[in-house]
Amino acid sequence: MRAQRPERRPEQRLERRCRSLLRVYPRGYRDGYGEELIGTLLDTAEPGRTFPSFHESLALVRGGLRARVEYAAVGAPWVDGLHLGTLILAVANLAYLMPFIGTIPLWVGMSAFLVLAVMRGRLWMALPLSALIGLKAGSVALGVPLLDPTLLPVVSADLWNRPAMYGVGGPVAPVITHGLLFLGIAALAVRRERVKARSWWWWAAVPVLTFSDPASLNVAAQGVGTMSRIALEAALLLAAVFAGYTARDSRWAIAAAIYLVSMLAIPVENLAGNLIPYTGQDVAHWLSLILLTAAASAMPYQAGRQILL
């Protein structure tokens with residue numbers, strides 16, 4: 001017969017679940033204060049309780065998020081914000097190219113390696129990659145053969161259900177995006193100081209963004225790819241608002257502004273050339289990006305003002 005596991009006592013189950021909740025805190029905080037927090041929760045818990053109360057759980061999550069923000073707010077804000085912004089652009093560019101991996105596998109692979117280099121802070125490795133990818137993207141968008149004979153139309157596999165590469169809109173927006181990416185990496189690289197490595201979780205944004213083309217989101221149709229992109233954008237920008245207010249720091253607003261400039265280049269170009277007719281839902285999406293970025297920019301100053309008052 002299989003030996004039965006000894007039943008855990010309520011205190012043991014409560015401790016295990018409290019430790020699971022503590023994972024929301026950064027490792028450094030858990031190492032320094034984790035046992036103290038666990039001890040306090042166990043001492044104040046009602047007899048027989050196996051779960052932290054809703055109030056205690058909410059307080060732990062809120063405290064953990066605040067601790068993560070405060071641990072992240074180290075170093076020069078403009079450097080960290082610029083690094084985060086360039087990483088976001090690199091991730092978004094890789095996601096855009098993924099549906100075309102069967103046609104341009106080399107460029108997709110280079111884009112993935114660029115994301116890895118930026119993520120781990122290898123800026124001098126990322127700089128030439130960014131230049132090559134930007135030149136190639138610009139040449140394809142402008143219809144000029146460069147570096148290899150690839151020209152439009154570059155089509156995706158049926159799985160992705162995406163329009164041809166740069167088939168919607170004009171060439172200016174892609175050039176601006178890649179120019180921002182290159183200039184951001186160059187500005188960081190010339191400082192000759194190592195930037196901090198970023199979380200591996202940024203890779204998870206690639207599949208979320210892959211099924212949407214920012215030049216033809218068609219918000220009114222409410223497709224899965226479009227809505228996933230909008231949800232991710234909103235979640236990250238709201239996180240930037242929360243982080244800016246909590247830490248009274250502008251680094252997240254800088255990253256959000258870099259992404260906003262890249263995204264706004266698309267509707268500005270399309271509206272100027274009457275390339276795409278936008279619906280009210282599309283306009284609402286662009287306005288939400290502007291308002292959330294503005295809120296993220298204002299939060300550090302608003303939080304500082306409240307402290308002074």
Side-chain angles (χ1 to χ4, degrees), residues 24 61 65 84-104 107-108 111-112 114-116 118-119 137 154-169 173-174 177-178 180-181 198-243 252-253 255-267 269-270 276-296:
V24 72
V61 172
L65 293 176
L84 181 58
T86 55
L87 174 60
I88 292 171
L89 290 185
V91 167
N93 180 61
L94 173 61
Y96 179 82
L97 294 178
M98 282 299 297
F100 310 102
I101 190 171
T103 308
I104 50 172
W107 296 100
V108 175
S111 295
L114 173 61
V115 171
L116 180 62
V118 175
M119 183 182 294
V154 180
V155 297
S156 65
D158 294 337
L159 166 68
W160 307 99
N161 191 28
R162 284 273 299 276
M165 180 185 293
Y166 305 135
V168 180
T177 297
H178 286 280
L180 282 173
L181 180 56
R198 296 289 173 181
S199 171
W200 295 102
W201 282 105
W202 281 104
W203 287 108
V206 174
V208 176
L209 299 175
T210 293
F211 288 90
S212 63
D213 184 344
S216 60
L217 286 179
N218 192 10
V219 180
Q222 297 185 351
V224 175
T226 295
M227 301 314 294
S228 297
R229 185 187 193 98
I230 292 174
L232 179 61
E233 288 173 341
L236 292 177
L237 287 171
L238 287 172
V241 173
F242 169 78
W252 296 280
I258 292 171
Y259 179 76
L260 179 66
V261 171
S262 171
M263 289 296 291
L264 285 185
I266 298 170
E269 179 182 17
N270 292 340
I276 299 176
Y278 286 114
T279 65
Q281 291 93 329
D282 297 319
V283 174
H285 168 240
W286 300 116
L287 287 177
S288 69
L289 294 183
I290 295 172
L291 291 175
L292 286 173
T293 302

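Along the sequence shown, residues carry numbers from 1.
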With a 3.5 Å distance limit and no angle check, can you tell me whether N93 reaches the backbone of L89 through a side-chain donor-acceptor pair?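 Looks like no, no N/O pair under 3.5 Å.
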Checking the side chain of E269 only, and the main-chain atoms of A173 only, is there a donor and an acceptor separated by less than 3.5 Å?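 Indeed, once roles are kept as given, a pair shorter than 3.5 Å links the two residues.
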Will you find, in the side chains of S212 and T226, an N or O donor that is under 3.5 Å from an N or O acceptor?
->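 There is no such pair (donor and acceptor under 3.5 Å, judged by atom type) between the side chains of S212 and T226.
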Can you give me the closest heavy-atom contact between [X] and [Y], atom names plus distance?
| X | Y | result |
| --- | --- | --- |
| A215 | I266 | CA-CG2, 3.6 Å |
| T177 | S262 | OG1-OG, 2.8 Å |
| V115 | L87 | O-CD1, 4.0 Å |
| A296 | V241 | N-CG2, 3.7 Å |
| V108 | L94 | O-CD1, 3.7 Å |
| A95 | L209 | CB-CB, 3.5 Å |

Report the distance from atom [atom1] of [X] to atom [atom2] of [Y], rounding to the nearest 0.5 Å.
| X | Y | atom1 | atom2 | answer |
| --- | --- | --- | --- | --- |
| L181 | L114 | CG | CG | 5.5 Å |
| S199 | M119 | OG | CE | 7.5 Å |
| I290 | L237 | CD1 | CG | 11.5 Å |
| L116 | W200 | CG | CH2 | 5.0 Å |
| W107 | L97 | CH2 | CG | 10.5 Å |

| field | Validation row: W252, L84 side chains within 4.5 angstrom (heavy atoms) | value |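 The answer is yes, as the side chains (C-beta and beyond) meet within the 4.5 Å cut-off.
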inquiry  = Assess the residue pair L236 and I88 against the criterion (side-chain contact (heavy atoms from CB on, under 4.5 Å)); give the C-alpha distance rounded to whole Å, side-chain angles, the decisive distance to 0.1 Å, and a yes or no.
reply    = CA-CA 11 Å; L236 292 177; I88 292 171; 5.6 Å; no
message: Over 60° means perpendicular and under 30° means parallel, so tell me whether Y278 and W286 are parallel, tilted or perpendicular.
response: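 Taking W286 first and then Y278, their aromatic rings stand perpendicular (interplane angle over 60°).
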Note to self: Apply side-chain contact (heavy atoms from CB on, under 4.5 Å) to residues T103 and M165 and explain how you reach the verdict.
What the structure shows: CA-CA 11 Å; T103 308; M165 180 185 293; over 6 Å; no
Those residues that, when tested against E233, pass salt bridge (charged side-chain N to carboxylate O under 4.0 Å, His left out) (two or more places apart) =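 For E233, the residues satisfying salt bridge (charged side-chain N to carboxylate O under 4.0 Å, His left out) (neighbours in sequence not counted) are R229.
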Ring centroids only, cut at 6.0 angstrom: are Y166 and Y96 within range, meaning strictly under it?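 When the ring centroids of Y166 and Y96 are compared, they turn out to be within the sub-6.0 Å range.
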